[in-house]
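A short worksheet on the structure shown next.
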Amino acid sequence: MARFRRQPDDPYGQQYPQQHPQQPPQPYPYGGGDPSYQQQAPYGSPGPAGPGYYDEPGPDPQAPPPAPPPPPLHWKELLSGIVFRPSATFWRMRDYSMWWPALIVTFLYGLVAVFGLDSARESVLDTTTSTLAPYLLVTGAVMMGGALLLGTVTHNLARQFGGNGLWAPTAGLAMLIMTLTDVPRLAVALFLGGADPVVQVIGWATWLGAGLLFTMMVSRSHEIAWPRALAASSIQLLAILALVKLGTL
């Protein structure tokens, strides 16, 4: 059995086994001493097993590179995806702007939305043909600007509630949700009038659907919980209800 003795130059008071007289002492790496007390080598310096021995494991050079993000959807897939595949569409488009589809669809909606309101339709039909076209163009431009403003308000509120989304995707998706969800009510109102009970029921149902899509879109685009996403969309939802669904436009 090996006998131990205290080394006088050991600052920690450790005892070491006596080395065999014919075998030279084997030094420890990096200055000698007990490996349990030795200091770690400087960052990036070669260790006993080669360079990077004490470093964190780096990426595998043989691993395949990460897949690039999917490209933005075509405008046809975007419009159908908002209605039939909203969750996947909102995830896919949360980093892409969609100004042309949003502006064109909202402008066309503004041209037709006038005929879905009883008072506005009567005033439009009483005008002459020369004044009808400018009236419709102005209405479409006003609807486009109003939808853009409401989408911007929704984006700013989502930012205030801790969201991290971008303005262009949020505003563009908000404009498309606002117009696409009102298409069923508008299609029936063109024949039955905006005050018909069937149109009112469809209007309330599509308004609730718009609230669901707004909440889902803001939650995906800004990565916030659904109560905050609903609160961020509240002003736009109230504006849609007052101006479009209830016929006060």
Side-chain angles (χ1 to χ4, degrees), residues 73-86 89-90 93 98-129 131-154 170-218 230 233-249:
L73 295 173
H74 190 263
W75 67 270
K76 295 180 181 179
E77 298 175 346
L78 173 63
L79 298 183
S80 62
I82 291 177
V83 179
F84 300 106
R85 300 175 303 276
T89 301
F90 296 151
M93 299 298 294
M98 59 215 73
W99 287 122
W100 286 115
L103 294 175
I104 292 175
V105 170
T106 307
F107 181 78
L108 295 177
Y109 169 81
L111 296 180
V112 185
V114 180
F115 299 96
L117 304 173
D118 293 338
S119 57
R121 179 170 55 183
E122 292 176 2
S123 61
V124 168
L125 294 178
D126 291 339
T127 59
T128 60
T129 307
T131 59
L132 179 60
Y135 184 85
L136 294 179
L137 293 177
V138 171
T139 304
V142 170
M143 179 64 69
M144 184 174 58
L148 177 60
L149 178 61
L150 291 175
T152 302
V153 171
T154 300
T170 304
L173 288 172
M175 295 172 67
L176 290 175
I177 293 173
M178 174 180 173
T179 54
L180 293 178
T181 53
D182 196 49
V183 169
R185 183 203 66 85
L186 183 58
V188 180
L190 291 177
F191 301 97
L192 300 181
D196 190 86
V198 177
V199 176
Q200 295 293 322
V201 172
I202 297 176
W204 281 104
T206 54
W207 183 74
L208 294 176
L212 178 61
L213 291 180
F214 274 121
T215 303
M216 187 183 302
M217 182 271 293
V218 175
L230 179 59
S233 308
S234 59
I235 294 181
Q236 188 164 9
L237 285 172
L238 292 176
I240 294 173
L241 179 63
L243 299 177
V244 178
K245 303 295 184 179
L246 299 182
T248 58
L249 183 64

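Keep in mind that what you see is a predicted model, and the values were worked out from it rather than measured.
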Q) Run the side chain to side chain contact (heavy atoms under 4.5 Å, CB included) check on Trp207 and Asp182 step by step: do they pass? A) CA-CA 8 Å; Trp207 183 74; Asp182 196 49; over 6 Å; no

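- Closest approach of Gly151 to Ala174, counting heavy atoms only: CA-CB, 3.9 Å.
- Inter-residue side-chain proximity for Leu241 and Trp204 is flagged as met; some heavy-atom pair is nearer than 4.5 Å.
- Within the 4.5 Å cutoff, the side chain of Ile82 has heavy atoms near those of the Phe90 side chain.
- Every residue two or more places apart in sequence or in another chain that forms a ring-ring contact (aromatic ring centres under 6.0 Å, His included) with Trp99 is listed here: Trp167.
- Between Leu186 and Tyr109 there is a side-chain heavy-atom pair separated by less than 4.5 Å.
- Proximity of Val105 to Leu108: side-chain heavy atoms (C-beta onward) are nowhere separated by under 4.5 Å.
- In this structure, Leu149 places its CG atom where more than 12 heavy-atom neighbours from other residues, nucleotides or ligands lie under 6.0 Å away.
- Remark: the backbone N or O of Gly81 is paired with a side-chain donor or acceptor of Thr89 at under 3.5 angstrom.
- Atoms CZ and CG, from Arg185 and Leu192 in turn, are 11.5 Å apart once rounded to the nearest 0.5 Å.
- Leu148 places a side-chain heavy atom less than 4.5 Å from the side chain of Met175.
- For the pair Thr106 (side chain) and Leu103 (backbone), a donor-acceptor distance under 3.5 Å is absent.
- When every heavy atom of Val218 is checked against every heavy atom of Ser233, the shortest pair comes out as CG2-OG, 3.5 Å.
- Annotation: side chain of Ile177 is not in contact with side chain of Leu212 (no heavy-atom distance under 4.5 Å).
- Considering only heavy atoms from C-beta on, Met178 comes within 4.5 Å of Ile240 through its side chain.
- The minimum heavy-atom distance linking Pro86 with Val83 is given by the pair CD-O, 4.2 Å.
- Looking at Leu173 and Phe214, their side chains never come closer than 4.5 Å, going by heavy atoms from C-beta outward.
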